[in-house]
Amino acid sequence: MGNDNRILKVGKGPIEIRDALPEDFPEVLRMNQESVHFLSPLTMEKLERLDGESDFHKVALLDGKVAAFCLAFREGANYESVNYQWFQGNYEKFLYVDRVVVDLSAQSVGLGKVLYEEVFRYAKESRVPIVTAEIDIQPPNPVSLKFHEKFGFTEVGRQEVYDGEKVVSLQAARIKS
């Protein structure tokens with residue numbers, strides 16, 4: 001992960017984007033739990049392991065408080081996610097966005113957009129041609145689908161997860177040179 005702290009102006013004021021630190025993990029876990037119906041659950045042990053495997057684990061601070069995070073992986077990571085494994089089997093070089101989570105109290109400020117812009121900036125600087133992600137389509141998540149469309153994501157596959165309880169749209173967006 002790069003040590004690239006940035007201060008950006010968005011909506012309510014300055015937002016600091018920086019690498020996630022171990023002291024941020026309790027807030028990351030809290031936010032993940034808040035939105036767990038769209039995500040897989042995390043424990044501290046799993047988060048520490050994923051942090052070590054990730055290529056991009058950033059937090060967004062609003063008024064000095066962690067208000068969002070993003071966790072993403074390059075090809076070749078030791079990550080058991082069935083969605084990551086699908087991309088691993090279908091793409092030679094990619095950046096997989098595992099999760100972008102915004103604190104419920106900071107929704108609609110633009111933190112998700114800022115974090116995705118950072119993901120695409122990182123991918124371009126790293127010469128990664130494709131950013132990948134999955135979106136729940138059963139149960140539907142139309143807000144996420146519309147959000148990802150704005151970044152150029154298109155469906156490249158589908159799969160059932162959690163023993164058929166969910167269906168996800170596997171999505172990819174090409175990095176523009």
Okay, side chain of [X], backbone of [Y]: is any donor-acceptor separation there less than 3.5 Å?
X      : Y      : value
Gln88  : Gly76  : yes
Asp63  : Lys65  : no
Gln107 : Val102 : yes

Minimal non-hydrogen separation, [X] against [Y], with atom names:
X      : Y      : value
Lys93  : Ser126 : NZ-O, 4.4 Å
Ala106 : Ala67  : CB-CB, 4.1 Å
Gly157 : Trp86  : CA-CZ2, 4.1 Å
Tyr116 : Val100 : CE1-CG2, 3.5 Å

Side-chain contact, heavy-atom cut-off 4.5 Å: [X] with [Y]?
X      : Y      : answer
Asn90  : Val156 : no
Glu118 : Phe56  : yes
Asp55  : Tyr122 : yes
Ile175 : Pro129 : no
Asp136 : Ser144 : no
Glu75  : Tyr91  : no

Roughly how far apart are [X] [atom1] and [Y] [atom2], rounded to 0.5 Å?
X      : Y      : atom1 : atom2 : result
Leu170 : Glu134 : CG    : CD    : 7.0 Å
Lys166 : Gln159 : NZ    : CD    : 12.5 Å
Leu42  : Arg99  : CG    : CZ    : 4.0 Å
Leu95  : Ile130 : CG    : CD1   : 11.0 Å
Leu115 : Leu71  : CG    : CG    : 11.5 Å
Gln138 : Glu165 : CD    : CD    : 11.5 Å

Should the ring pair [X] and [Y] be called parallel, tilted or perpendicular, given that the plane angle runs from 0 to 90° and is split at 30 and 60?
X      : Y      : result
Tyr84  : Phe94  : tilted
Tyr96  : Phe87  : tilted
Phe153 : His148 : perpendicular

Gln171 and Ser169: side chain donor to acceptor below 3.5 Å = yes

Indicate whether any N or O donor in one side chain lies under 3.5 Å from an N or O acceptor in the other, for Ser81 and Asn83.
-> no

Quick one: list whatever passes ring-ring contact (aromatic ring centres under 6.0 Å, His included) with Phe73, sequence neighbours left out.
-> Tyr79

Test applied, salt bridge (Lys or Arg N to Asp or Glu O under 4.0 Å); reference residue, Lys58; option that passes from Asp51, Asp19, Asp24 | Asp19

Does one hydrophobic cluster hold both [X] and [Y], with members joined at side-chain heavy-atom distances below 4.5 Å?
X      : Y      : answer
Leu21  : Phe69  : no
Val131 : Phe151 : yes
Val59  : Phe25  : yes

Other residues, nucleotides and ligands only: do more than 12 of their heavy atoms fall within 6.0 Å of [atom1] on [X]?
X      : atom1 : answer
Glu45  : CD    : no
Glu80  : CD    : yes
Lys113 : NZ    : no

Name all residues meeting the salt bridge (charged side-chain N to carboxylate O under 4.0 Å, His left out) criterion together with Lys124; count only those two or more places apart in sequence or in a different chain, and write none if there are none.
-> none

Got a salt bridge between Arg30 and Glu34, using NZ or NE/NH1/NH2 to carboxylate O under 4.0 Å?
-> yes

Check ion pair Glu117-Arg121 (N to O, under 4.0 angstrom) | no

ILVMFWY clustering at 4.5 Å (side-chain atoms), partners of Ile135 | Leu145

